[in-house]
Student: 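My structure is below; once you've seen it, I'll send some questions.
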2 protein chains.
Amino acid sequence: MVEAPRNTRQRRAVVAILEDLDGFASAQEIHDILKKRGESVGLSTVYRSLQVLAEAAEVDALRNDDGEVLYRQCSAGHHHHLVCRSCGRTVEVEGPTVERWADKIAAENGFRDVAHTLEIFGTCASCPS
Amino acid sequence: MVEAPRNTRQRRAVVAILEDLDGFASAQEIHDILKKRGESVGLSTVYRSLQVLAEAAEVDALRNDDGEVLYRQCSAGHHHHLVCRSCGRTVEVEGPTVERWADKIAAENGFRDVAHTLEIFGTCASCPS
DNA sequence: CATGACGCTGAGAATCATTGTCAAATCCGC
DNA sequence: GCGGATTTGACAATGATTCTCAGCGTCATG
């Protein structure tokens with residue numbers, strides 16, 4: 001039996017931040033925001049909460065070029081991201097054609113249990129060069 | 001003027017390993033292989049060599065789920081990878097449709113300096129479930 | 001509402017890939 | 001062969017993430 005996660009102040013605080021944020025943010029950034037708001041939450045707890053949320057598919061996670069893991073509250077269902085390198089602003093995008101293409105390629109080469117990662121990075125219109 | 005890189009034993013050794021390997025390997029793995037072959041090369045040097053090669057687009061780099069950077073000698077030109085999770089065997093694939101799709105999506109949303117990452121992971125035909 | 005079991009928290013230590021440091025070794029044009 | 005710039009490598013340092021573990025908070029239950 002899987003235990004239901006407990007409803008703690010800290011977990012609620014992390015979820016609240018994610019709801020407010022528009023784009024992707026690292027665990028450390030979220031920790032900083034919490035500190036600024038006076039909602040003190042331990043760094044370890046922020047990491048753990050995000051892991052739990054990511055496993056439950058309540059948030060999406062991806063790595064930036066520096067290898068940091070970034071988190072964001074997203075809509076349900078399979079989708080990809082168009083992410084601003086500078087401000088983190090994110091647009092969710094869908095690419096049914098791409099999904100089919102990837103599956104076809106994998107099948108042609110005899111691969112099974114197929115998954116794929118696809119993210120688009122750029123600089124958004126409101127960020128300076 | 002950019003200085004031409006020097007032709008050192010260590011750099012040649014790293015390149016030789018990459019030529020022998022079929023799939024992606026981490027800097028540490030390459031360092032281990034070098035050690036086993038008796039071609040002692042410092043770990044820092046392996047990292048530096050791979051960085052240089054990656055910048056020169058002579059090898060491709062990607063991150064696995066653990067956040068490690070993996071390197072592989074690839075053909076020239078833009079392409080993506082179909083990678084076996086189990087044995088690392090890699091097939092290079094092209095997807096002109098995907099490239100166009102990604103650029104179009106980015107343009108529609110006012111993003112510039114666009115790049116994308118796309119990798120397909122699966123289990124290849126010769127690996128057990 | 002009190003209780004107890006057990007998950008959750010947090011401060012700090014530990015981990016681990018990667019990068020920085022810098023003196024000594026190596027290249028390479030001359 | 002020389003000399004100066006580049007490269008190397010042992011080791012320290014960094015930085016994100018995970019681990020540890022004693023104490024706290026939750027919550028089903030009485």
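Naming: A, B, ... by sequence-line order, numbering from 1 per chain. Values in this document were obtained by computation on a predicted structure and should not be read as measured data.
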Student: Taking the side chain as everything from C-beta on, heavy atoms only, tell me whether B/L21 gets closer than 4.5 Å to B/Q73.
Tutor: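 A side-chain contact is absent here, since even the closest heavy-atom pair is not under 4.5 Å.
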Student: Determine, for nucleotides 23-30 of chain C in 5'-to-3' order, which nucleotides have protein heavy atoms under 4.0 Å from the base (write B), from only the sugar-phosphate (write S), or from neither (write -).
Tutor: ---BBS--
Student: Same cluster for A/F111 and B/F121 if Ile/Leu/Val/Met/Phe/Trp/Tyr side chains link at under 4.5 Å?
Tutor: no
Student: Between A/H80 and A/L118, which heavy-atom pair has the shortest distance, and what is it?
Tutor: ND1-O, 3.0 Å
Student: Tell me every residue that passes side chain to side chain donor-acceptor pair (under 3.5 Å) with A/S75, counting only those two or more places apart in sequence or in another chain.
Tutor: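 Partners of A/S75 under the side chain to side chain donor-acceptor pair (under 3.5 Å) test: A/E92.
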Student: In residues 30-41 of chain B, what residues come within less than 4.0 Å of DNA chain D, judged by heavy atoms?
Tutor: B/S40, B/V41
Student: Test side chain to side chain contact (heavy atoms under 4.5 Å, CB included) on A/L18 and A/E58; report intermediate values, then the result.
Tutor: CA-CA 10 Å; A/L18 287 166; A/E58 290 182 39; over 6 Å; no
Student: Can you name the ring-ring contact (aromatic ring centres under 6.0 Å, His included) partners of B/F24, sequence neighbours left out?
Tutor: B/H81
Student: Return the NE2 to CD distance between B/H116 and B/E99, rounded to the nearest 0.5 Å.
Tutor: 3.5 Å
Student: What distance separates A/R112 CZ from A/N109 CG, expressed to the nearest 0.5 Å?
Tutor: 13.5 Å
Student: Using whole Å, what does the distance between atom P of nucleotide C/dT19 and atom CD of B/E55 come to?
Tutor: 11 Å
Student: Looking at every non-hydrogen atom in both residues, tell me the closest pair between A/L50 and A/V59 and how far apart they are.
Tutor: O-CG2, 4.2 Å
Student: Say you draw a straight line from OG1 of B/T117 to CG of A/N64; how long is it, rounded to the nearest 0.5 Å?
Tutor: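 Rounded to the nearest 0.5 Å, the OG1-CG separation comes to 11.0 Å.
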Student: Sugar-phosphate atoms are those with a prime plus P, OP1 and OP2; base atoms are the rest. Using that split, label each nucleotide of nucleotides 15-20 of chain D B, S or - for protein heavy atoms under 4.0 Å, 5' to 3'.
Tutor: -SBBBB
Student: Nearest 0.5 Å, what's the CD-CG distance between B/E29 and B/L70?
Tutor: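 These two atoms lie 7.0 Å from each other.
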Student: Give me the atom names and distance for the closest heavy-atom approach of A/R63 to A/V69.
Tutor: NH1-CG2, 3.6 Å
Student: Have a look at the helix from C/dC1-D/dG30 to C/dC30-D/dG1 and give the angle its two end axes make, five pairs each, rounded to 10 degrees.
Tutor: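 Helix axis angle between the two ends: 40°.
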